[in-house]
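Residues: numbered from 1 along the sequence shown.
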Amino acid sequence: METDSKMQDAATNASENATSTASSSSGKGKESEEMMQSMEKLQIDESSSSSDFKRKPVVIIVVGMAGSGKTTFMRQLVYHTHASQLRSYVINLDPAVATLPFGANIDIRDTVKYKEVMKQFNLGPNGGILTSLNLFATKFDEVISVVESRADQLDYVLVDTPGQIEIFTWSASGAIITEAFASTFPTVIAYVVDTPRSSNPNTFMSNMLYACSILYKTRLPLILAFNKTDIAQHQFALEWMEDFEAFHAALENDESYTSTLSRSLSLVLDEFYKNLKSTGVSALSGTGMNEFLKAVDGSAEEFMETYKADLDKRRAEKQRLEEDRRRGNMEKLRKDMQKSKGETVVLSTGLKDKAAGSKSMLAGEDIEEEDEDEDEYERSSEEEEDMIDDDDDDDEDEEVTGNTGFPF
């Protein structure tokens, strides 16, 4: 008997444990469902996670001042990748270029006609380039889709930008294109520097300031490509970046305000130089291209380790702010529906009230005009009656004088 009772107790305990386990699992299932629903509400889907992020191809966005040899550098880069059996995909974003010295897989000129934009919107050259880039940016998700479909077959995506560097780096369309690439692929900015012109310390400092602004504007890895090394070597630039005293020595004989400012800025940019990759290249002869691609690969790894985490954080913050805005709008709508108690609510945009106000003003003016017309009519009627009375009096006087027999 005792054995049977123990067996019954054990069975009871087992059933209770199973029930509790089932309830806990069901509770966990409900929690997971709620979590999934909240994730769907927040629109945090798999596309925004790192699982769909493609480690290849590496996107190289080439920017540079006008005359720095940017387009020639792109031509040499395209040739070098083909000669090295590296699979590349070329995108041209310069709508004003007359002829390209390299073949482009995607060309903005096939979509947007630069001269037609200038003529239609009555714009100058820079305004036409900016507007063309803005129009192309509205469909840039299609470009990303095309590159994604070929991602497994590519090593690099080479992007050429307009010669007017500020049009791309400081415009909304440039930011849209850069973020679209960076949210899908490892993205690197290559800033092409004219080495012979940068031999002047003040010109060199201007280039470094612009490079610093691009780095903090895009928040992407930046590589300095000192071009035209077949004319002037870039070792002086590397020395100035590593030792600010050498840069000060180059400015020793110049006491102008610009030189004083450059000395001060060299101390400020000392920390900026430490984490900056730079390489010397020749767009004409092709020397230095292997070192440049090695720097690109290193920057791509740096992107995955550092920059991508910051990018994901900024995207999550943007999604959170958007969700807060939507919740605020829904809460406001809920309160309005409770206040109206199911009645029909007419949403006012302010235009109707203005129209009603203008109508009431017009109606008031019409009433005032009618009142004035009535007053004028009454005054004219009174004057006519007075004139009629005066005529009657004159007739009576004539009759009176005729009866008295006074001669005329």
Notebook entry, point to check: Would the number of heavy atoms belonging to other residues, nucleotides or ligands and lying under 6.0 Å from CG of Asn329 be above 12?
Noted result: yes
Next item on the list: Please round to the nearest 0.5 Å and tell me the distance separating atom OH of Tyr191 and atom OG of Ser278.
Entry: 13.5 Å
Next item on the list: Looking only at non-hydrogen atoms, find the nearest pair between Val157 and Pro57 and report the distance.
Entry: CG2-CG, 3.5 Å
Next item on the list: Determine whether Met241 and Leu276 make a side-chain contact, defined as any pair of heavy atoms from C-beta on separated by less than 4.5 Å.
Entry: yes
Note to self: As an exercise, state the distance from CG of Leu224 to CG of Asn207, rounded to the nearest 0.5 Å.
What the structure shows: 8.5 Å
Margin query: Keeping Ser259 on the side-chain end and Glu255 on the backbone end, is there a donor-acceptor pair under 3.5 Å?
Written below: no
Margin query: Set out, in order, the CA-CA distance, both residues' side-chain angles and the distance that settles side-chain contact (heavy atoms from CB on, under 4.5 Å) for Val97 and Thr71, then state yes or no.
Written below: CA-CA 10 Å; Val97 63; Thr71 302; 5.6 Å; no
Next item on the list: Please report the shortest heavy-atom distance between Ala137 and Ser173, naming the atom on each side.
Entry: CB-CB, 3.8 Å
Notebook entry, point to check: Taking C-beta and beyond as the side chain, do Phe236 and Thr195 meet within less than 4.5 Å on heavy atoms?
Noted result: yes
Check: What distance separates Leu293 CG from Thr81 OG1, expressed to the nearest 0.5 Å?
Finding: 7.5 Å
Check: To the nearest 0.5 Å, what is the distance between OG (Ser132) and CG (Leu93)?
Finding: 11.5 Å
Check: With side chains defined as the heavy atoms from C-beta onward, is the minimum distance between Tyr114 and Ile108 less than 4.5 Å?
Finding: no
Margin query: Any heavy-atom pair between the side chains of Arg109 and Asn92 that's under 4.5 Å?
Written below: yes
Next item on the list: Go through the steps for Asp254 and Asn202 under the test side-chain contact (heavy atoms from CB on, under 4.5 Å), then give the verdict.
Entry: CA-CA 10 Å; Asp254 192 350; Asn202 294 323; 3.9 Å; yes
Margin query: Do the side chains of Lys294 and Glu291 get close enough for a salt bridge, i.e. N-O under 4.0 angstrom?
Written below: no
Notebook entry, point to check: What are the two closest non-hydrogen atoms of His234 and Thr229, and how far apart are they?
Noted result: ND1-CG2, 3.9 Å
Notebook entry, point to check: Can you check side-chain contact (heavy atoms from CB on, under 4.5 Å) on Val188 and Glu302, steps first, answer last?
Noted result: CA-CA 10 Å; Val188 177; Glu302 183 183 358; over 6 Å; no
Check: Is the closest side-chain donor-acceptor distance between Asp297 and Tyr156 under 3.5 Å?
Finding: yes
Next item on the list: For the residue pair Phe136 and Phe140, categorise the inter-ring angle as parallel (less than 30°), tilted (30 to 60°) or perpendicular (more than 60°).
Entry: perpendicular
Notebook entry, point to check: Quick one: are Ser68 and Val193 in side-chain contact, heavy atoms under 4.5 Å?
Noted result: no
Notebook entry, point to check: What closest approach, in Å, do Asn126 and Ile167 show between heavy atoms, and which atom pair accounts for it?
Noted result: O-CD1, 3.7 Å
Next item on the list: Start with the C-alpha distance between Arg320 and Glu323, add both sets of side-chain angles, then the distance that settles salt bridge (charged side-chain N to carboxylate O under 4.0 Å, His left out), and finish with yes or no.
Entry: CA-CA 5 Å; Arg320 186 187 65 79; Glu323 182 62 24; over 6 Å; no
Next item on the list: Check Val281 against Ala225 and note the closest heavy-atom contact, atom names and distance.
Entry: CG2-CB, 4.2 Å
Check: With side chains defined as the heavy atoms from C-beta onward, is the minimum distance between Val90 and Asp160 less than 4.5 Å?
Finding: no
Note to self: I'd like to know if Glu322 pairs up with Arg326 as an ion pair, taking the criterion as any Lys NZ or Arg NE/NH1/NH2 lying under 4.0 Å from an Asp or Glu carboxylate oxygen.
What the structure shows: yes
Check: Just checking, is any N or O donor in the side chain of Ser256 or Thr258 under 3.5 Å from an acceptor N or O on the other one?
Finding: no
Note to self: For Phe73 and Phe292, take the angle between the two ring planes, folded into 0 to 90°, and tell me which bin it lands in: parallel under 30, tilted 30 to 60, perpendicular over 60.
What the structure shows: perpendicular
Notebook entry, point to check: Between Ile189 and Leu215, is any pair of side-chain heavy atoms under 4.5 Å apart?
Noted result: no
Next item on the list: Would you check if the side chain of Thr203 reaches a backbone N or O of Ser199 as a donor-acceptor pair within less than 3.5 Å?
Entry: no
Next item on the list: Any chance you could measure Glu116, atom CD, to Met118, atom CE, to the nearest 0.5 Å?
Entry: 11.0 Å
Next item on the list: Describe, in one word, how the ring planes of Phe226 and Phe204 are oriented to each other, choosing from parallel (under 30°), tilted (30 to 60°) and perpendicular (over 60°).
Entry: parallel
Checklist line | Over 12 non-hydrogen atoms of neighbours within 6.0 angstrom of NZ in Lys115 | finding: no
Notebook entry, point to check: From Asp243 CG over to His248 NE2, what is the distance, rounded to the nearest 0.5 angstrom?
Noted result: 9.5 Å
Next item on the list: Check whether any side-chain heavy atom of Phe303 sits under 4.5 Å from a side-chain heavy atom of Val58, and report yes or no.
Entry: no
Margin query: Using a 6.0 Å cut-off, check whether atom CZ of Arg197 has over 12 heavy atoms from anything other than its own residue.
Written below: no
Next item on the list: Using the side-chain contact (heavy atoms from CB on, under 4.5 Å) rule, pick out the option among Thr287, Ile231, Thr72 that qualifies with Ser282.
Entry: Thr287
Next item on the list: Might you point out which heavy atoms bring Ser262 and Met205 nearest each other, and give the distance in Å?
Entry: O-CE, 3.7 Å
Next item on the list: Please lay out, stage by stage, how Leu77 and Phe102 fare under the test side-chain contact (heavy atoms from CB on, under 4.5 Å).
Entry: CA-CA 10 Å; Leu77 189 59; Phe102 51 86; over 6 Å; no
